[in-house]
Each structure stands twice: as structure tokens, then as C-alpha cells.
> 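Got a structure for you, written out below as C-alpha cells; questions coming shortly.
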Amino acid sequence: MLTLLLSIAPAIAGAQPVPDLGPEVEPPSAEDFSPLPDDPPDAGGQVVVEETDPEEEQSRLDQLFADLAESEGPKASERAAREIQRIWMESGSDTVDILMSRAGQAIQTEDHALALDLLDVVVVLKPSYAEGWNRRATVHYMREDFGKSLVDIERTLAIEPRHWGALSGLAIIQRRLGFDTDALLTFKRALEVNPGLENATEAIEDLEKKAEGAPA
């Protein structure tokens, strides 16, 4: 998958704008983001980066992903998904949390330039923080800068291959560019990770019908 990203990103960067496929292909919006911290702590203007125990965090995530895959019913699935997203939001840095919160506010007001400025600092301060790359990838997508979006998706998935938001974003871009076979595989991968993704389920059905020659 990462090889595909590397191969098509330069081509996309030099081939914009990409034709809109119509209302059935909805771009991500601010509402698609994971919840941001409501009241980030005041870092006092100092950069504070505190590493959490990576083995402990990985163990927690592995168990939650297992619970997500085996969950019975939408409520159980949603609980596991939200807990995973909560962990993803834990940057380990008060400063990064503040920047992410402000970036989220900028996204809500559609100030994408400010959001990018803030997220540029996030990925520099915390390059191992997958959610920073994922948020910036989404903002790039909103600006229809698909090449840069793919680069940031690649970084997100390199850190957390199970990030269903990044996988879904990749599939959306693949679909918009006409790589239907790749998009179908990527949507299926996202659904394997999180069986509760209704949009991925609908996209898979549409793409399979298209492949069979039936009206989507």
C-alpha cells in the first residue's frame, strides 16, 4: 500500500485539479475528526514533550482492536472505536495538545491555512504522533492538494497501519482518481480494522456493483 502511495503521489501533485465524481463521493469534513481535548492544559509557552510507555500503549491498543473486531452490536463497536480514538489523541505533550485543539477550531471555521500552520508545528514537535499527520492529511484533502494528503497518509499508516481514518482517506482519493480496484481493497482493509464503518460498507457495495457492470 505504501508503495502505491509513493508511486501515485507525485503524479497527483502535478495533475490537479481532480474531477469531482459527484455527490456520492463526499469529502471528509470537520465532523469526521476524532474529538479534540475540550480544555487543553496551559503549557505556559514552553514546549513539553513527554513520552508514554510505548509497550504499554501498544498492548492497550492491541486489546482494543481485538475487542473492536469481535464486538457484538454497534454499541460495543462504538465504545471500542471511541477508546482507540481517545488513545490516538494522546500526544504526550501539553503543547501539542494545545496546537491540536487550536487546529481543530481553525478547521471548524474553515481557516485551513491557519490549521496547516499549526499542524506543521505539531508534526515537527512530535513526528511519532500519527494523529498529527492524519489531521494534516485531511486538511490537505479539503484544499484538494491530493499529493500532499497522500504523503501525510503514508506517514500516518507507517506509524499506525490500523488507522481506519487514514485508510478511508486513502480509499476516497483512490476512488476519486479512478483507481477503483485499489479503492475497493483499501476500503475492505479499513472495514477489517473497524467493522462499524458504514461509509466503507456502502462504498464497497457501490464499487463491487460497478465492477460487475450494474448501476451503482
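Remember, predicted model here, so these are calculated numbers, not experimental data.
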> Among V139, L99, D111, whose side-chain contact (heavy atoms from CB on, under 4.5 Å) with L118 holds?
L99
> Just to verify, what does E78 make a side-chain hydrogen bond (donor to acceptor under 3.5 Å, both in side chains) with, not counting sequence neighbours?
R82
> Which heavy atom in L167 sits nearest to a heavy atom in P161, and how many Å separate them?
CD1-O, 3.8 Å
> Counting distance only, does the side-chain N/O of S149 pair as donor-acceptor with the main-chain N or O of A137 below 3.5 Å?
yes
> Excluding sequence neighbours, so at least two apart, what forms side chain to side chain contact (heavy atoms under 4.5 Å, CB included) with L61?
E57, F65, I84, I87, W88, E160, R162
> Return yes if a side-chain donor-acceptor contact under 3.5 Å exists between S91 and E131, otherwise no.
no
> Closer than 3.5 angstrom, by distance alone: can the side chain of S77 be matched with the main-chain N or O of G73 as a donor-acceptor pair?
no
> Side chain of S168, backbone of W164: donor and acceptor closer than 3.5 Å?
yes
> If you compare all heavy atoms of R175 against all heavy atoms of A183, which two are closest, and at what distance to 0.1 Å?
N-CB, 3.7 Å
> Shortest non-hydrogen contact from P127 to I159?
O-CD1, 3.4 Å
> Identify the two heavy atoms, one from P195 and one from L68, that lie closest to each other, and give their separation to 0.1 Å.
CD-O, 3.9 Å
> Are more than 12 heavy atoms from other residues, nucleotides or ligands located less than 6.0 Å from atom CD of E110?
no
